[in-house]
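Atoms considered below: every heavy atom in the structure, side chains included; atoms not considered: hydrogens, waters and symmetry mates.
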Amino acid sequence: MVKVALDIHGGDHAPDVNIIGAVNAMSESNDNLHVCLVGDEDQAIKVLKREGVDPSLFSFEHCNECISMGDHPVRAFMSKPNSSISKGFSLLKSKGVDAFASTGNTGAMLVGAMQTVKSIPGIIRPCISSILPHTDGSVGLLLDVGTNADCKPDVLYQFGILGSIFAREVYKIENPRVALLNIGEEEEKGNLLTKAAYQLMNDNQLINFIGNIEGSDLFTPKADVVICDGFTGNVVLKQAEGFYELIKERNIEDEYFNQFNYEEYGGTPILGVNGNVLIGHGKSSDVAVKKMLKLATEVSDANLPEKISKVFI
């Protein structure tokens with residue numbers, strides 16, 4: 001059984017959606033998941049009883065502070081040791097849980113990961129990813145999508161390794177094809193960053209590098225893992241989310257474009273740290289929280305940090 005700590009105070013609709021998401025995740029897990037609710041225990045029990053759920057099915061880590069979305073990540077994490085995010089990381093560091101998940105302050109989650117479980121030795125910059133729904137029904141990964149706005153070539157090269165391991169171990173993509181997001185497919189295209197990164201990625205045996213990919217091919221099954229700096233990745237991610245919102249506003253129903261709904265995927269792990277840390281969208285519903293917890297079990301079962309460590313140590 002995988003034990004996951006969930007920050008019940010994270011996100012725009014806390015704590016109700018987080019607790020209801022946890023209830024549904026556990027009920028569908030076939031006894032493979034146990035959730036520890038991190039936050040105000042009395043508040044959590046009140047919601048559980050309102051939903052007709054036995055509180056004894058859960059464990060609790062009580063705390064009386066919360067890091068809000070508007071708090072400064074570093075200052076808040078350091079000054080609020082009794083916050084749900086701080087307590088969640090304490091549980092993860094002490095091995096009291098197998099994973100920690102939150103839809104709260106992303107910056108504080110990143111600071112917490114770096115301050116507690118820390119980066120895997122050899123990793124220059126941890127990163128986060130997003131799903132790329134492909135037109136043939138398969139999925140790919142895009143990384144980084146916001147953790148590192150500025151990157152050097154060797155950082156992008158490491159992202160290729162991290163994304164390849166994630167795609168293989170969690171999404172079961174055999175020998176994932178790794179591509180570099182660029183303004184043209186030709187080797188000589190791009191800026192100084194992408195040109196240098198191309199050479200590093202092309203001259204190694206750790207990834208199945210297939211070259212450059214253009215933005216027009218992101219949602220085709222041309223590559224399984226697409227690499228870019230966090231600034232570019234975040235722009236792509238927000239554009240896709242905005243496009244999905246436009247479709248919904250026009251009452252257009254389409255099976256493919258429904259895959260752009262972030263609720264379909266729940267969250268993303270921070271790749272490159274010594275622990276299973278998952279971040280969800282601040283607007284997450286109970287459905288998204290449920291799927292984030294399901295992903296947490298899959299990431300834990302895959303032993304991602306251990307497999308990443310073996311490559312970099």
Do side-chain atoms of [X] reach the backbone of [Y] as a donor and acceptor pair under 3.5 angstrom?
X      : Y      : result
Asn202 : Gln199 : no
Ser90  : Ser86  : yes
Lys95  : Leu92  : no
Asn234 : Gly230 : no

(Q) Once side-chain contact (heavy atoms from CB on, under 4.5 Å) is applied, do any residues pair with Ala179, and if so which ones, sequence neighbours excluded? (A) Ile210, Ile213, Ala223

(Q) Using side chain to side chain contact (heavy atoms under 4.5 Å, CB included), reason through Lys87 and Asn82 one step at a time and then give a plain yes or no. (A) CA-CA 6 Å; Lys87 287 289 189 179; Asn82 290 314; 3.5 Å; yes

Q: Report the relative orientation of the aromatic rings in Phe60 and Phe58; use parallel for angles under 30°, tilted for 30 to 60°, perpendicular for over 60°.
A: tilted

Rounded to the nearest 0.5 Å, what separation is found between the [atom1] atom of [X] and the [atom2] atom of [Y]?
X      : Y      : atom1 : atom2 : value
Ile20  : Ile8   : CD1   : CD1   : 12.0 Å
Arg125 : Asn148 : CZ    : CG    : 5.0 Å
Leu246 : Glu241 : CG    : CD    : 12.0 Å
Met69  : Asn105 : CE    : CG    : 7.0 Å
Ile308 : Ile120 : CD1   : CD1   : 4.5 Å
Ile67  : Phe77  : CD1   : CZ    : 7.0 Å

Hey, are [Y] and [X] close enough side-chain-wise for a donor-acceptor pair under 3.5 Å?
X      : Y      : value
Thr103 : His281 : no
Asn32  : Ser29  : no
Thr268 : Ser129 : yes
Thr232 : Asp229 : yes
Asp98  : Ser300 : no

Is there a path of hydrophobic side-chain contacts, each under 4.5 Å between heavy atoms of I/L/V/M/F/W/Y residues, joining [Y] to [X]?
X      : Y      : answer
Ile124 : Phe231 : no
Val235 : Val145 : no
Tyr265 : Leu6   : yes
Phe159 : Val170 : yes
Ile227 : Tyr157 : yes

So which atom in [X] and which in [Y] form the shortest heavy-atom distance, rounded to 0.1 Å?
X      : Y      : answer
Leu141 : Leu132 : O-CD1, 3.8 Å
Ala101 : Met292 : CB-CE, 3.9 Å
Thr116 : Phe89  : OG1-CD2, 3.3 Å
Ser119 : Ile123 : CB-O, 4.4 Å
Asp71  : Ala76  : CB-CB, 3.6 Å
Val4   : Ala296 : CG2-CB, 4.0 Å

Q: Step through it carefully: locate the ring centre of Tyr244, locate the ring centre of Tyr262, and say whether they are under 6.0 Å apart.
A: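 No - the distance between ring centres of Tyr244 and Tyr262 does not fall below the 6.0 Å cut-off.
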
Q. Do Phe219 and Phe260 have ring centres separated by under 6.0 Å?
A.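 Yes, close enough.
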
Q.
Assess the residue pair Arg168 and Glu174 against the criterion (salt bridge (charged side-chain N to carboxylate O under 4.0 Å, His left out)); give the C-alpha distance rounded to whole Å, side-chain angles, the decisive distance to 0.1 Å, and a yes or no.
A. CA-CA 6 Å; Arg168 184 180 67 245; Glu174 187 176 350; over 6 Å; no

Within 6.0 Å of [atom1] in [X], more than 12 heavy atoms from elsewhere:
X      : atom1 : value
Phe243 : CZ    : no
Glu188 : CD    : yes
Asn30  : CG    : no
Asp136 : CG    : yes
Ile252 : CD1   : yes
Glu186 : CD    : yes
Lys238 : NZ    : no
Lys195 : NZ    : yes

Evaluate the side-chain proximity of [Y] to [X]: yes if any heavy-atom separation is below 4.5 Å, no if none is.
X      : Y      : answer
Glu51  : Ile19  : no
Leu48  : Val23  : yes
Asn64  : Asp40  : no
His34  : Ser59  : yes
Asn212 : Thr194 : no
Pro73  : Leu110 : no
Ile128 : Leu271 : no
Leu162 : Cys127 : yes

Q.
Glu214: which residues meet the salt bridge (Lys or Arg N to Asp or Glu O under 4.0 Å) condition with it, sequence neighbours left out?
A.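 Applying salt bridge (Lys or Arg N to Asp or Glu O under 4.0 Å) to Glu214 gives none.
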
SB check [X] [Y] (cutoff 4.0 Å):
X      : Y      : result
Lys222 : Glu185 : yes
Arg50  : Asp16  : yes
Lys248 : Glu253 : yes
Glu65  : Lys80  : no
Lys49  : Asp54  : no
Lys291 : Glu264 : yes

Q.
Working note: Asp144 + Thr147, criterion side-chain hydrogen bond (donor to acceptor under 3.5 Å, both in side chains); need CA distance, chi angles, decisive distance, verdict.
A. CA-CA 7 Å; Asp144 184 26; Thr147 313; 3.2 Å; yes

**Q.** Test log, rule side chain to side chain contact (heavy atoms under 4.5 Å, CB included), inputs Leu91 and Cys36
**A.** CA-CA 10 Å; Leu91 285 171; Cys36 173; 4.0 Å; yes

